Amino acid sequence: MTSMSGEMRVIGVCVTGASHKLAGKPCQDNIKVNRVFKKDMTLLAVADGHGSDKSPFSEEGSKIAVDVFHTIISAAFKKHKNDINKLGTFLHREGDTTIAKEIEKEWKSRVRKSHRVNNRSNDDDIKSDFNLWRQYGSTLLGLLITSSFYFAFQLGDGDILLLTENRAEHIISGDKQLGVDTHSLCHDESWRKAITQVRHRHDDVTPHAFMLTTDGFSNSYPDEEMFLKTCCEYYTAINLHGTNTVWGRLQRWLEETSEKGSGDDISVLIACDKKL
Amino acid sequence: MSETKEFKRPGGELSNRPLHFIWVVDCSGSMHGEKIGKVNHAIQSTIPEMADAARNNPYAELLIRTLKFSSGAQWVTPEPVNVDNFCWSDLEAGGVTDMGNAFDLISSQLTIPPMSDRALPPVLVLISDGQPTDDYKTALDKLLALPWGKKSVRIAISIGQDADVSILNEFTGNRDLVLQANNSADLVKMIKWASTAAAVVSAPATPDSTTVAGGAGGSNSSPIIFDINNIPVPEESDPDDINVW
């Protein structure tokens, strides 16, 4: 089997997009990192709130999204904590159905509750549930890393990548939509647009890292090639200088990326295997 | 390298998101005279305003091109040009109305590549006063089947009473985005309004309670939203007036 660890060193940051700063808007992204099972599993989530005028509470929507991912995956883990391989099998089989449905249901339940508790109801909400969900609209990327496998979840735009020396590859080839559109938790039956992937981790893999990014990052590069090259260079920087050094500069780098690139909020989480 | 020594941000060249705006102008014989003259003048006068509006969103790069069609179709601007460097070249009219040919040329530019999948939805503004003389239908279907064709924001300006509005409706996919210009004042007004589409696309999150969607998005899309209160209404005109087209 494997002697790999699911415990990763994780660095990450959300930066407010340059265009949002210009408009006086807050960052609508959120990230969350957790270690579970005696720290031998790492859970990561990144969410990108829509930020449009129709989604005034999307910052909260993205916060709820990352929390929900952690809740649902932790619950799945508890059910299978005595056999990690069964958890992998379950996520492989049910990730884009049962898990995705639970995430959508829980996100909408928490959104409704928050809306009520904060007395935000208005005429629009009454017209349709969608009008309510849309006010909190968000994407969601999630990753569970265990000693033997990793499980990736994607609903909406953004990127989940595996980084090794000289190579960055998408773990999930999302059905990226062109322009300014994205799949979102706020849509009806949004679970149907969730894409998941379970992959085994092997001993012989060179030191590697995982990277989760909101689309403000990839949209700051002219094409896919330049984007993947950049992700490789982040890996190289960590390999050469260590996670702490990169972490200390990450915010400034991403602010520069937004400023000279898409202008959008950018969130990045990088989970590094201990060999790095 | 020591811990304290600065090193550059990893990664390569950064880029704003390109926003392609294409003027597609009917230069057939029926446009000869005042019509093409007004088109030339109106578009030329909107360029500085488009450049000003583009400065409000420095994170989108507004790239403009002109495509003319009459007997055949041709790019007047061979490559997309940043709005700050764009100069309008006056067009002349003569020939037939090979609109399908124009759609084919647009299609060839909306594939990926040369279009980037990171671009903002392209804006296509079609100005015509007549009926296609070639097989426009096949070419239009091909254009609208392209991923960027579907996502494009399409506006048409119908000049005078002879333009085939049904074809322009097919092009825009939205009757509200076919603007009628029955005289030179209308035409200037419509061209100015169409030119503002670039600003709407680069800042799409400004919906109003009375809105109309541009382009043909899917069920999960968030279409570009125009404020219908701002769409200009053609002036009422007397058909006997010699200034009415």
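Quick caveat: nothing in here was measured; it's all calculated off a predicted structure. Numbered from 1 within each chain, the chains take letters A, B, ... in sequence-line order.
- Closest non-hydrogen pair, Pro222(A) versus Glu13(B), comes out as CD-O, 3.3 Å.
- Salt-bridge formation is detected for the pair Glu224(A)/Arg118(B): a Lys NZ or Arg NE/NH1/NH2 atom is positioned less than 4.0 Å from an Asp or Glu carboxylate oxygen.
- The greatest number of non-hydrogen atom pairs below 4.5 Å with chain B, out of Ala18(A), Gly17(A), Ser55(A), is found for Ala18(A).
- Between Ser15(B) atom OG and Met226(A) atom CE the span is 9.5 Å, to the nearest 0.5 Å.
- Interatomic distance, Arg9(B) CZ to Leu250(A) CG, rounded to the nearest 0.5 Å: 12.0 Å.
- Residue contact with chain B, scored on non-hydrogen atoms closer than 4.5 Å, involves the backbone of Asp223(A) exclusively.
- Neither the backbone nor the side chain of Leu19(B) comes within contact range of chain A, judged by heavy atoms closer than 4.5 Å.
- Looking at Ser258(A), the atoms closer than 4.5 Å to chain B (heavy atoms on both sides) all sit in the backbone: N, CA, C or O.
- Between Asp181(A) and Lys151(B) there is a salt bridge, with a side-chain nitrogen of the basic residue lying less than 4.0 Å from a carboxylate oxygen of the acidic one.
- The two residues Leu178(A) and Pro147(B) make their nearest non-hydrogen contact at CD1-CB, 3.4 Å.
- The two atoms that bring Gly12(B) and Tyr221(A) nearest to each other are O-CE2, 3.8 Å, heavy atoms only.
- The closest donor-acceptor contact from the side chain of Glu233(A) to the backbone of Pro10(B) lies at 3.5 Å or more, if one exists at all.
- Between Tyr59(B) and Asp264(A) there is no side-chain heavy-atom pair separated by less than 4.5 Å.
- In terms of heavy-atom pairs under 4.5 Å with chain B, the best-connected choice from Glu256(A), Lys229(A), Arg252(A) is Glu256(A).
- Minimum interatomic distance between Phe7(B) and Ala237(A) (heavy atoms only, all atoms of both residues): CE1-CB, 4.3 Å.
- If you take OG on Ser218(A) and CG on Asp117(B), they are separated by 8.0 Å, rounding to the nearest 0.5 Å.
- For NZ of Lys21(A), the number of neighbouring non-hydrogen atoms (other residues, nucleotides, ligands) closer than 6.0 Å is greater than 12.
- Here the side chain of Asn16(B) pairs no donor or acceptor atom with the backbone of Ser262(A) at under 3.5 angstrom.
- Looking at Arg249(A), its side chain never comes within 3.5 Å of a backbone N or O of Lys8(B) through a donor-acceptor pair.
- Ranked by heavy-atom pairs under 4.5 Å with chain B, the first of Ser220(A), Ala23(A), Cys232(A) is Ser220(A).
- The 12-atom threshold is exceeded at CH2 of Trp191(A), counting heavy atoms of other residues, nucleotides or ligands nearer than 6.0 Å.
- Of all heavy-atom pairs spanning Pro58(B) and Leu22(A), the tightest one is CD-CD2, 4.2 Å.
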